[in-house]
Amino acid sequence: MQIQAIKTRIFKKDENLNSFIFQHVKSLKENSILVITSKILALSEGRVGKYENEKQKEDIIKRESDFALETKYAWLTIKDGVVMANAGIDESNVGSQLGNIIFLPKDSFISASKIRKVLLKKFQIKNLGILITDSRLFPLRLGVVGFALGYAGFEGLRNYVGKEDIFGRKFKMSKVNIADSLATSATLCMGEGNEQQPLAVISDAPVVFTNKKVNEK
C-alpha cells in the first residue's frame with residue numbers, strides 16, 4: 001500500500017471543495033482512495049463559529065453533542081454515534097477572519113458519496129474510494145490518531161466471524177475496521193500541524209471496492 005500526501009494552498013471558508021480537489025489532484029487511478037480531512041469539508045459547508053468566553057464554548061459543545069459529560073481535561077461527548085472530545089470542535093489552524101472554532105461536517109458519509117460521484121465522472125474510473133478523516137484520542141494513550149468520519153466506495157469492515165484462524169478455530173467476534181486503519185495511516189503521512197496537506201491518495205490498499213451505500217460508524 002502506498003500513500004501520497006498532497007501539499008495544497010490554504011482552503012477558504014465556503015469554497016467549492018470539488019474545484020479545490022481538481023486543482024490539486026490531476027488524476028486518479030482505478031482502485032485508489034482519495035483521503036480528505038474533515039476540516040476542509042467543514043469549511044466548504046461554512047461550519048465555523050466563534051465564542052467569547054468559556055461559558056459560550058461549553059454551550060456550543062453541549063448543543064453539538066448527542067451526549068456530553070464534563071471531565072477534568074475536556075468534555076467527553078458522543079457526536080453522530082462516535083465518542084470524542086468536545087463534539088469534535090476544533091480550534092487548530094483556524095484563521096482569525098473565520099472565528100475561532102470549526103465544527104464537524106454535517107454528514108461525512110453523504111458528502112463522501114457525493115464527492116465520489118463527481119470524481120468517478122471526472123476521471124472516468126469505476127472503482128474509487130473516498131475517505132473523510134479526523135483525529136481522536138484513545139483513553140490512557142498519549143497522542144491523537146486518525147479515524148474515519150465518513151467514507152464511500154469501499155467496504156469499511158472486514159468480517160472474520162465464522163472463518164478459521166491458523167489453527168482451525170473459528171472466529172466468533174473478530175472484525176477489522178478497514179476505514180479507521182486507512183485513516184490512521186493517511187493521517188500519519190498528512191500531518192496534524194502546519195504541513196498543509198489536507199488531501200492524500202492511497203493506492204494498492206487491501207480493500208473491497210463497492211458501489212453500495214455505506215453508513216457505518
Side-chain angles (χ1 to χ4, degrees), residues 1-8 11 17 20-21 24-44 79-85 88 90 92-93 102 104-105 107-109 111-113 115-116 119-120 123 125-160 163 171 173-212 214-217:
M1 186 174 80
Q2 295 182 329
I3 302 173
Q4 179 185 1
I6 300 173
K7 184 86 170 181
T8 73
F11 189 86
L17 182 54
F20 179 81
I21 293 171
H24 295 285
V25 181
K26 300 303 181 182
S27 65
L28 283 173
K29 295 182 179 179
E30 200 76 49
N31 301 322
S32 58
I33 298 172
L34 177 66
V35 185
I36 305 168
T37 60
S38 61
K39 184 164 289 183
I40 62 172
L41 174 56
L43 284 171
S44 74
K79 170 73 172 177
D80 296 336
V82 181
V83 177
M84 61 182 71
D90 199 345
S92 63
N93 289 319
I102 298 181
L104 290 183
D107 190 316
S108 294
F109 281 93
S111 295
S113 181
I115 294 169
R116 178 177 179 269
L119 295 184
L120 285 174
F123 295 112
I125 53 180
K126 294 182 179 180
N127 292 321
L128 173 68
I130 302 294
L131 177 60
I132 310 298
T133 65
D134 200 357
S135 56
R136 67 175 173 183
L137 291 162
F138 283 105
L140 305 180
R141 302 290 291 180
L142 290 174
V144 299
V145 297
F147 82 106
L149 199 61
Y151 56 91
F154 63 95
E155 294 182 1
L157 292 175
R158 180 179 297 158
N159 189 357
Y160 282 92
K163 297 181 179 180
F171 287 99
M173 298 179 63
S174 292
K175 294 181 180 180
V176 174
N177 193 317
I178 300 296
D180 280 350
S181 299
L182 292 174
T184 297
S185 301
T187 299
L188 178 63
C189 297
M190 297 160 77
E192 287 282 341
N194 64 355
E195 292 88 352
Q196 206 170 308
Q197 297 178 144
L199 302 172
V201 176
I202 302 176
S203 56
D204 300 322
V207 304
V208 176
F209 290 92
T210 179
N211 289 318
K212 295 181 180 179
V214 293
N215 190 1
E216 303 173 59
K217 298 185 177 71

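Residue indices begin at 1 and follow the sequence shown.
Remark: the backbone N or O of A148 is paired with a side-chain donor or acceptor of D180 at under 3.5 angstrom. No donor-acceptor distance shorter than 3.5 angstrom exists from the side chain of S111 to the backbone of S108, with no hydrogens or angles considered. For Q197 (side chain) and G191 (main-chain N/O), no donor-acceptor pair under 3.5 Å exists by modelled atom type. In terms of modelled atom types and a separation under 3.5 Å, the side chain of S185 and the main chain of S181 share a donor-acceptor contact. Not a single donor-acceptor pair under 3.5 Å links the side chain of K79 to the backbone N or O of A85.
When all heavy atoms are compared, the tightest approach of I202 to A205 is CG2-CB, 3.8 Å. S135 and E192 make their closest contact through CB-OE2, 3.3 Å (heavy atoms, listed as atom of the first residue, atom of the second, distance). For the residue pair R158 and P206, the shortest heavy atom distance occurs at NH2-O, 2.6 Å. Scanning all heavy atoms of the two residues, the minimum distance from A183 to L131 falls at N-CD2, 3.7 Å. In plain terms, the two heavy atoms of T187 and G146 that are nearest each other are OG1-CA, 3.4 Å.
The ring-ring contact (aromatic ring centres under 6.0 Å, His included) search around F123 returns none, not counting sequence neighbours. Not a single salt bridge (charged side-chain N to carboxylate O under 4.0 Å, His left out) links R116 to another residue, sequence neighbours left out. Take S38 and apply the side chain to side chain donor-acceptor pair (under 3.5 Å) test, not counting sequence neighbours, and it matches no residue. Residues satisfying the side chain to side chain donor-acceptor pair (under 3.5 Å) criterion with D204, sequence neighbours excluded, are absent altogether. Shown here are the ring-ring contact (aromatic ring centres under 6.0 Å, His included) partners of Y160, two or more places apart in sequence or in another chain: F171. Legend: residues meeting side chain to side chain donor-acceptor pair (under 3.5 Å) with N127, ordered by chain and number and at least two apart, are N31.
In this structure, K126 and E30 have side chains that are in contact, with non-hydrogen atoms separated by less than 4.5 Å. The side-chain heavy atoms of Y151 and L182, taken from C-beta on, include no pair separated by under 4.5 Å. Contact annotation: the side chain of M84 approaches that of L104 to within less than 4.5 Å [non-hydrogen atoms, C-beta and beyond]. By the 4.5 Å heavy-atom criterion applied to side chains, I40 and L199 are counted as neighbours. Contact check for L128 versus S32: side-chain heavy atoms found under the 4.5 Å cut-off.
Taking CD1 of I6 as the reference point, atom SG of C189 lies at 12.0 Å (rounded to 0.5 Å). Between the OG1 atom in T210 and the CD atom in E155 there is a gap of 5.5 Å [rounded to 0.5 Å]. Taking CZ from F11 and OG1 from T37, the interatomic distance works out to 9.0 Å, rounded to the nearest 0.5 Å. Taken from CD1 in I115 to CD1 in I132, the straight-line distance is 4.5 Å, to the nearest 0.5 Å. For the atom pair I178 CD1 and L157 CG, the distance stands at 8.0 Å (nearest 0.5 Å). Considering CG of L28 and CG of L34, their distance stands at 6.0 Å, rounded to 0.5 Å.
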### Task
Could you give me the CA-CA distance, side-chain angles and deciding distance for I21 and L17, then say whether side chain to side chain contact (heavy atoms under 4.5 Å, CB included) is met?
CA-CA 6 Å; I21 293 171; L17 182 54; 4.1 Å; yes

### Message
What verdict does the side chain to side chain contact (heavy atoms under 4.5 Å, CB included) test give for K29 and I125, after you've listed the backbone C-alpha separation in whole Å, the side-chain angles of each residue and the deciding distance to 0.1 Å?
### Response
CA-CA 7 Å; K29 295 182 179 179; I125 53 180; over 6 Å; no

### Message
For L149 and T133: C-alpha separation, side-chain torsions, deciding distance, then whether side chain to side chain contact (heavy atoms under 4.5 Å, CB included) applies.
### Response
CA-CA 5 Å; L149 199 61; T133 65; over 6 Å; no

### Message
For N177 and F147: C-alpha separation, side-chain torsions, deciding distance, then whether side chain to side chain contact (heavy atoms under 4.5 Å, CB included) applies.
### Response
CA-CA 10 Å; N177 193 317; F147 82 106; over 6 Å; no

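Other residues, nucleotides and ligands contribute at most 12 non-hydrogen atoms within 6.0 Å of the NZ atom of K175. Q4 CD: 12 or fewer foreign heavy atoms inside a 6.0 Å radius.
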